[in-house]
**Student:** 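Here's a structure for you.
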Amino acid sequence: MTRTVITYGTFDLFHIGHLRLLQRLHAMGDMLIVAVSTDEFNAIKGKKTTIRFDDRCDIVRNLRCVDLVIPERNWAQKPTDILNYEVSLFGMGSDWTGKFDELRRYCEVIYLPRTEGVSSTQIKQSVCALTPT
Ligand code: C2G
């Protein structure tokens, strides 16, 4: 039986922290599904993105370690996605530790250490610092 892994995220200003997470999750199964947050859902999350949804999806879908990209439209879709795609493992970075433990009734849940020293926010701040005022 195919061991399907799923993860969720914004993946704005795609960086090495995102890649390392996706590579590690891909290595834990046969197929990796990535649910990318839509611009509308990011507004609900209170997260302002730089790169629009379609482009964030194109970047993620073209990674060798990603097999399928689906939209993340709300907080509540995870159980349905897990059942629909017969997911064995749900994984997130450690900044989410404990937040999705209720999904253990549907599949394994794992939180992997974040890659330190990089974030979309830091990248934005670095670029702003370079821009002459
Ligand atoms: N991440 C990481 N290391 C970093 C930065 C991010 O491992 N240096 C991980 C996060 O822990 C997350 C994934 O990369 O698992 C995507 O991060 P974001 O794009 O910031 O996603 P987020 O806004 O946290 O959305 O329903 C879940 C949410 O959609 C998650």
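We number each residue from 1, following the sequence as shown. Model, not experiment: these values are computed from the prediction. Start at 1 and go down the list; that is how both ligands and their atoms are numbered.
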**Student:** Identify, for atom 6 (C) of ligand 1, the protein heavy atom at the shortest distance, and state residue, atom and that distance.
**Tutor:**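 Checked against all protein heavy atoms, atom 6 (C) of ligand 1 sits closest to Arg114 NH1, 3.5 Å.
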**Student:** Checking Asn74 now: which residues fulfil side-chain contact (heavy atoms from CB on, under 4.5 Å) with it, not counting sequence neighbours?
**Tutor:**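 Only Ala76, Gln77 meet the side-chain contact (heavy atoms from CB on, under 4.5 Å) criterion with Asn74.
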**Student:** Any idea which part of Thr10 is under 4.0 Å from ligand 1, heavy-atom wise: side chain, backbone, both or neither?
**Tutor:**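 Answer for Thr10: both.
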**Student:** Just so I know, are the side chains of Ile51 and Phe11 near enough to count as touching, which here means a heavy-atom distance under 4.5 Å?
**Tutor:**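 SC-SC contact between Ile51 and Phe11 ruled out.
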**Student:** Going by distance only, is there an N or O of His15 that falls short of 3.5 Å from an N or O of ligand 1?
**Tutor:**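 No, His15 has no N/O under 3.5 Å of an N/O on ligand 1.
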**Student:** Starting from atom 23 (O) of ligand 1, locate the nearest protein heavy atom and write down its residue, its atom name and how far away it is, to 0.1 Å.
**Tutor:**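 Going by distance alone, atom 23 (O) of ligand 1 is nearest to Lys47 NZ, 2.4 Å.
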**Student:** Would you say that Phe90 contacts Tyr106 through its side chain, given a criterion of any heavy-atom pair below 4.5 Å between the two side chains?
**Tutor:**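 No, side chains not in contact.
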**Student:** Which heavy atom of the protein is the closest neighbour of atom 3 (N) of ligand 1, given with residue, atom name and distance?
**Tutor:**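 For atom 3 (N) of ligand 1, the nearest protein heavy atom is Thr115 N, 3.2 Å.
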**Student:** Counting neighbours of CZ on Arg73 that are heavy atoms of other residues, nucleotides or ligands and sit closer than 6.0 Å, is the number greater than 12?
**Tutor:**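 Open.
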**Student:** Measuring from the heavy atoms of Lys78, does anything fall under 4.0 Å of ligand 1?
**Tutor:**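 Lys78: in contact with ligand 1 (<4.0 Å).
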**Student:** Tell me whether Leu19 shares a hydrophobic cluster with Ile110, the cluster being built from Ile, Leu, Val, Met, Phe, Trp, Tyr side chains joined at under 4.5 Å.
**Tutor:**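 Yes; tracing contacts between hydrophobic side chains, which count when under 4.5 Å, links both residues.
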**Student:** Please indicate whether any nitrogen or oxygen in Arg24 is less than 3.5 Å from any nitrogen or oxygen in ligand 1.
**Tutor:**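 Between Arg24 and ligand 1 (N or O atoms, distance only) the closest approach is not under 3.5 Å.
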**Student:** With clusters defined by side-chain heavy atoms of hydrophobic residues (ILVMFWY) lying less than 4.5 Å apart, directly or transitively, does Leu21 cluster with Ile33?
**Tutor:**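 Shared cluster, no.
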**Student:** Taking C-beta and beyond as the side chain, do Asp12 and Lys47 meet within less than 4.5 Å on heavy atoms?
**Tutor:**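 SC-SC contact between Asp12 and Lys47 ruled out.
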**Student:** Provide the number and element of each atom of ligand 1 under 4.0 Å from a heavy atom of Tyr8.
**Tutor:**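 Close to Tyr8: 26 (O), 27 (C), 30 (C).
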**Student:** Taking C-beta and beyond as the side chain, do Ile6 and Asp81 meet within less than 4.5 Å on heavy atoms?
**Tutor:**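 Yes, their side chains come closer than 4.5 Å.
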**Student:** As an exercise, identify every atom of ligand 1 less than 4.0 angstrom from a heavy atom of Asp95.
**Tutor:**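 Going through ligand 1 atom by atom, the ones under 4.0 Å from Asp95 are 10 (C), 11 (O).
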**Student:** Consider every N or O of Asp12 and every N or O of ligand 1, then say whether any pair is closer than 3.5 Å.
**Tutor:**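 No, Asp12 has no N/O under 3.5 Å of an N/O on ligand 1.
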**Student:** For Met28 and Leu112, work out which heavy atoms get closest and say how close.
**Tutor:**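 Smallest heavy-atom distance, with atoms named: CE-CD2, 3.7 Å.
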**Student:** Checking side-chain contact (heavy atoms from CB on, under 4.5 Å) for the pair Phe53/Val36: CA distance, chi angles, key distance, verdict?
**Tutor:** CA-CA 8 Å; Phe53 172 67; Val36 176; 4.0 Å; yes
**Student:** Is ligand 1 under 4.0 Å from a heavy atom in the side chain of Val118, in the backbone, in both, or in neither?
**Tutor:**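 Both the backbone and the side chain of Val118 come within reach of ligand 1.
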**Student:** Does some non-hydrogen atom of Ser37 fall short of 4.0 Å from ligand 1?
**Tutor:**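 Yes; Ser37 lies near enough to ligand 1 that a heavy-atom distance drops under 4.0 Å.
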**Student:** Using a strict 4.0 Å cut-off to heavy atoms of Met92, name the atoms of ligand 1 that fall inside it.
**Tutor:**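 Matching atoms, with element in brackets: 15 (O), 27 (C), 30 (C).
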**Student:** Would you say Arg104 has more than 12 foreign heavy atoms packed within less than 6.0 Å of its CZ?
**Tutor:**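 Buried by this count: over 12 neighbours within 6.0 Å.
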**Student:** Tell me which protein heavy atom sits closest to atom 24 (O) of ligand 1, plus the residue, atom name and distance to 0.1 Å.
**Tutor:**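 Checked against all protein heavy atoms, atom 24 (O) of ligand 1 sits closest to Trp96 NE1, 2.9 Å.
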**Student:** Using distance alone, determine whether Leu21 and ligand 1 share an N or O pair under 3.5 Å.
**Tutor:**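 By distance alone, the answer is no.
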**Student:** Is there a side-chain contact between Cys107 and Glu86, using heavy atoms and a 4.5 Å cut-off?
**Tutor:**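 A side-chain contact under 4.5 Å is absent here.
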**Student:** Is the shortest N/O to N/O distance between Phe11 and ligand 1 below 3.5 Å?
**Tutor:**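 Among all N and O atoms of Phe11, at least one is under 3.5 Å from an N or O of ligand 1.
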**Student:** Under 4.0 Å from ligand 1, counting heavy atoms only, is it the side chain of Arg20, its backbone, both or neither?
**Tutor:**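 No part of Arg20 is near ligand 1 at this cut-off.
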**Student:** Before signing off on this row, confirm whether Lys45 and ligand 1 have an N or O atom pair separated by under 3.5 Å.
**Tutor:**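 Lys45 vs ligand 1: N/O contact under 3.5 Å present.
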**Student:** How far is atom 12 (C) of ligand 1 from the closest protein heavy atom, and which atom is that?
**Tutor:**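 The closest heavy atom on the protein side is Gly93 N, 4.1 Å.
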**Student:** At a non-hydrogen distance cut-off of under 4.0 Å, which region of Glu72 contacts ligand 1 (side chain, backbone, both, or neither)?
**Tutor:**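 Side chain only.
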